[in-house]
Amino acid sequence: MKLADIMTTRVVTVELDDTLDTIRGIFTQARFRHLLVLDDDDRPVGVISDRDLFKAISPFLDTLAEKKRDTKTLERRAHQIMTRKLITARPETQVCEAADKLVRFGISCLPILDKSGAVAGIVTWKDILRRIVCQEPK
């Protein structure tokens with residue numbers, strides 16, 4: 001089975017200079033845990049997980065203890081917290097090979113790039129686990 005069979009093709013992206021406030025808003029409204037960061041040429045240059053965001057913003061936001069310095073953390077930019085070393089795969093990559101990459105590199109998602117290097121989709125460890133273990137369709 002190939003990644004093309006299980007990948008999510010509707011990928012949400014942000015730009016290098018998008019603020020953490022914008023990113024927090026996306027994660028708050030969405031049911032996914034990864035955003036791809038694109039450069040000015042729409043090429044993927046990084047990934048941000050919800051865990052990256054939680055580590056980067058103040059835990060006092062939206063509490064009675066919130067101070068100005070806490071809200072300032074929301075002004076940081078995507079490029080300041082993104083993971084820059086992208087591990088990617090192609091749509092024709094076998095699911096087992098992708099699972100091996102996730103484990104070997106200790107990552108939770110694989111951006112899927114087409115032959116030109118453009119984003120074709122994304123696959124997470126949950127997508128692979130669901131397909132391998134449960135044999136459920138997407």
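Heads up: numbering here begins at 1 and tracks the sequence.
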Pair [X] + [Y]: basic N to acidic O under 4.0 Å:
X	Y	result
Arg104	Asp100	yes
Arg33	Asp50	yes
Asp5	Lys2	no

Between [atom1] on residue [X] and [atom2] on residue [Y], distance to nearest 0.5 Å:
X	Y	atom1	atom2	result
Phe27	His34	CZ	NE2	7.5 Å
Asp39	Leu16	CG	CG	6.5 Å
Leu36	Ile48	CG	CD1	9.5 Å
Asp17	Gln80	CG	CD	8.5 Å
Asp127	Thr8	CG	OG1	5.0 Å
Ile87	Ile107	CD1	CD1	5.5 Å

Quick one, [X] and [Y] - any side-chain contact, counting heavy atoms below 4.5 Å?
X	Y	result
Val45	Met82	yes
Cys109	Val47	yes
Ser116	Arg43	yes
Leu35	Leu53	no
Arg90	Leu113	yes
Thr19	Arg77	yes

Using every non-hydrogen atom in the two residues, find where [X] and [Y] come nearest and quote the distance to one decimal.
X	Y	value
Ser108	Leu102	C-CD2, 3.9 Å
Leu110	Ala89	CD1-CB, 4.2 Å
Thr93	Ala98	CG2-N, 4.2 Å
Ile112	Leu3	CD1-CD1, 3.5 Å
Val12	Ile26	CG1-CG2, 4.0 Å
Glu15	Val37	C-CG1, 4.0 Å

- Co-membership, hydrophobic cluster, residues Val11 and Val14, 4.5 Å side-chain: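 Not linked; separate clusters.
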- Message: If hydrophobic clusters are built by linking Ile, Leu, Val, Met, Phe, Trp and Tyr wherever their side-chain heavy atoms come under 4.5 Å apart, do Ile122 and Trp125 end up in the same one?
- Response: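 No, Ile122 and Trp125 fall in different hydrophobic clusters.
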- Query: Of all residues at least two apart in sequence or in a different chain, which pass the side chain to side chain donor-acceptor pair (under 3.5 Å) check with Asp42?
  - Reply: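 Scan of Asp42 (side chain to side chain donor-acceptor pair (under 3.5 Å), adjacent residues dropped) gives none.
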- Task: Sequence neighbours left out, what passes side chain to side chain donor-acceptor pair (under 3.5 Å) with Thr83? Give chain and number order.
- Result: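 Result, side chain to side chain donor-acceptor pair (under 3.5 Å) vs Thr83: none returned.
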